[in-house]
Trainee: 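Got a structure for you, written out below as structure tokens; questions coming shortly.
Proteins come first, then strands; the chains are lettered A, B, ... in the order of their sequence lines, and each starts at number 1. Keep in mind the model is a prediction, meaning the values are calculated, not measured.
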Protein chains: 2
Amino acid sequence: MTKRTDIGADLTKNQSLVMSALAGSKGPMSAYSILDEIRSDGVRAPLQVYRALDKLVEFGLVHRLESLNAFVACQHPACDGRKEKTVLFTICETCGGVQELVKDRLSKAIEGLARELEFSPSKSTIELRGMCSACKTATEN
Amino acid sequence: MTKRTDIGADLTKNQSLVMSALAGSKGPMSAYSILDEIRSDGVRAPLQVYRALDKLVEFGLVHRLESLNAFVACQHPACDGRKEKTVLFTICETCGGVQELVKDRLSKAIEGLARELEFSPSKSTIELRGMCSACKTATEN
DNA sequence: ATGGCACATGTTATATCGTAACACAAACAC
DNA sequence: GTGTTTGTGTTACGATATAACATGTGCCAT
């Protein structure tokens with residue numbers, strides 16, 4: 001049932017609920033905080049959330065941040081076309097903001113490295129923790 | 001008490017126990033599997049392991065693999081001098097093997113990116129999941 | 001030497017994150 | 001219409017991590 005086309009459409013009920021919780025959040029959310037948001041819509045168990053998240057990640061609509069055990073909505077229209085790309089996240093430890101980027105130079109460096117090592121990556125995790133420019137300026141007073 | 005100099009020396013009791021469990025393992029270990037290894041030495045609670053791990057990570061003797069929630073001994077003599085470097089891990093999903101690398105091209109790409117974004121990283125996580133060359137050759141039969 | 005400090009330790013309890021196993025329902029293929 | 005796939009719902013549990021509090025131990029400044 002259902003095929004994903006554009007954002008939010010053609011998702012199953014639980015997938016839509018999880019997706020809108022994430023889309024409505026300005027930062028990453030844990031599976032359990034998503035659950036809390038959508039309890040009022042009838043979702044009751046962690047597993048329902050995790051199952052929806054698995055699919056959303058598979059669709060490229062959501063990314064998992066490994067260093068936070070949390071999830072964010074994809075910041076591109078849909079990451080679908082970028083499945084093969086190397087995505088990087090910056091995570092500001094001050095404001096909690098997350099930025100998602102695809103950079104050619106970085107992708108190239110990773111690809112080159114993998115080739116050199118004869119390692120076939122199926123998934124890459126690149127996360128920078130630190131302080132974003134906005135928080136730095138805010139601190140300089 | 002105690003100052004770290006070379007590997008294994010000048011660590012506290014619990015730190016040494018955790019360190020040797022990790023050093024004796026060919027792959028990454030979870031905190032709880034470390035605990036199981038060193039229960040016979042009198043370590044009883046997760047917290048004792050986590051505290052030792054925190055210090056060992058701080059010393060650069062151990063790295064945390066975020067995508068596995070697990071820990072590995074540093075594969076360099078001691079990662080100490082490399083604190084500012086960008087370390088990458090390849091994680092083979094077939095054999096469980098982990099390789100730790102420092103590559104200049106990658107470090108440069110990350111640094112350039114951070115500068116461009118005016119983001120100040122305090123820690124970077126770069127992990128490639130996939131299949132190592134050895135497992136690939138083993139599969140080709 | 002003793003009182004204060006920093007740090008490592010020990011212990012219990014609990015928070016947080018994630019999955020196994022089973023049952024049922026809806027859509028689809030043939 | 002029967003079998004298959006996929007989503008759903010529920011209970012129970014496993015795995016990962018930390019809070020809070022008490023104790024021990026070396027150091028060193030007065």
Trainee: On the nucleotide D:dT8, are OP1 or OP2 found under 4.0 Å from the side-chain N or O atoms that A:Thr12 carries?
Mentor: yes
Trainee: Between A:Arg64 and C:dC17, is there a side-chain N or O to OP1/OP2 distance below 4.0 Å?
Mentor: no
Trainee: Give a yes or no on whether the ring-centroid distance for A:His63 and A:Phe89 is below 6.0 angstrom.
Mentor: yes
Trainee: If the threshold is 4.0 Å, N to carboxylate O, is there a salt bridge linking A:Arg105 and B:Glu116?
Mentor: no
Trainee: Heavy atoms within less than 4.0 Å of DNA chain D: which residues of residues 29-41 of chain A have one? Give them sorted by number.
Mentor: none
Trainee: Check the pair A:Ser124 / A:Thr86 against side chain to side chain contact (heavy atoms under 4.5 Å, CB included), numbers first and verdict last.
Mentor: CA-CA 7 Å; A:Ser124 66; A:Thr86 306; 3.7 Å; yes
Trainee: With B:Ile126, which of A:Thr125, A:Leu113, A:Ile126 fulfils side-chain contact (heavy atoms from CB on, under 4.5 Å)?
Mentor: A:Ile126
Trainee: Under the rule for side-chain hydrogen bond (donor to acceptor under 3.5 Å, both in side chains), what residues qualify as partners of A:Ser67, not counting sequence neighbours?
Mentor: A:Glu127, A:Arg129
Trainee: Is there side-chain contact between A:Gln75 and A:Val98, with heavy atoms separated by less than 4.5 Å?
Mentor: yes
Trainee: For B:Lys136 and B:Met131, indicate whether the former's side chain and the latter's backbone hold a donor-acceptor pair under 3.5 Å.
Mentor: no
Trainee: Whole angstroms only, please: what is the CG-C1' distance between A:Leu53 and D:dG7?
Mentor: 15 Å
Trainee: Using the test side chain to side chain contact (heavy atoms under 4.5 Å, CB included), find all partners of A:Ile38 that sit at least two apart in sequence or belong to another chain.
Mentor: A:Leu17, A:Val18, A:Ala21, A:Ile34, A:Asp41, A:Val43, A:Val49
Trainee: Just how far, in rounded Å, is P of D:dT16 from CG of B:Leu65?
Mentor: 13 Å
Trainee: A:Tyr50 OH to C:dA20 P: how many Å, rounded?
Mentor: 13 Å
Trainee: Using whole Å, what does the distance between atom C1' of nucleotide D:dT6 and atom CZ of A:Phe59 come to?
Mentor: 11 Å
Trainee: I want to check something: taking the side chain as every heavy atom from C-beta on, are A:Leu101 and B:Leu117 in contact at a cut-off of under 4.5 Å?
Mentor: yes
Trainee: Identify, with sequence neighbours excluded, every residue that meets side chain to side chain contact (heavy atoms under 4.5 Å, CB included) alongside B:Ser30.
Mentor: B:Tyr32, B:Ser33
Trainee: Return the value, rounded to whole Å, for the distance between atom CG of A:Asp54 and atom C1' of D:dT8.
Mentor: 14 Å
Trainee: Between B:Arg39 and B:Glu37, is a salt bridge (charged side-chain N to carboxylate O under 4.0 Å, His left out) present by the stated rule, with each step listed?
Mentor: CA-CA 6 Å; B:Arg39 267 187 204 286; B:Glu37 290 275 312; over 6 Å; no
Trainee: Figure out the CD/P separation between A:Gln15 and D:dT6, and round it to whole Å.
Mentor: 12 Å
Trainee: Give, ordered by number, those residues of residues 90-99 of chain A having at least one heavy-atom distance below 4.0 Å to an atom of DNA chain C; if nothing qualifies, reply none.
Mentor: none
Trainee: Separation of B:Asn69 atom CG from C:dT16 atom C1', in whole Å?
Mentor: 11 Å
Trainee: Write down the protein N/O and nucleotide N/O pairs, taken from nucleotides 9-11 of chain D, whose separation is under 3.5 Å; answer none if there are no such pairs.
Mentor:
from: D:dG9; atom 1: OP1; to: A:Lys13; atom 2: NZ; distance (Å): 3.3
from: D:dG9; atom 1: OP2; to: A:Asn14; atom 2: ND2; distance (Å): 3.0
from: D:dG9; atom 1: OP2; to: A:Gln48; atom 2: NE2; distance (Å): 2.5
from: D:dG9; atom 1: O5'; to: A:Gln48; atom 2: NE2; distance (Å): 3.4
from: D:dG9; atom 1: N7; to: A:Arg51; atom 2: NH2; distance (Å): 2.5
from: D:dG9; atom 1: O6; to: A:Arg51; atom 2: NH1; distance (Å): 3.2
from: D:dG9; atom 1: O6; to: A:Arg51; atom 2: NH2; distance (Å): 3.4

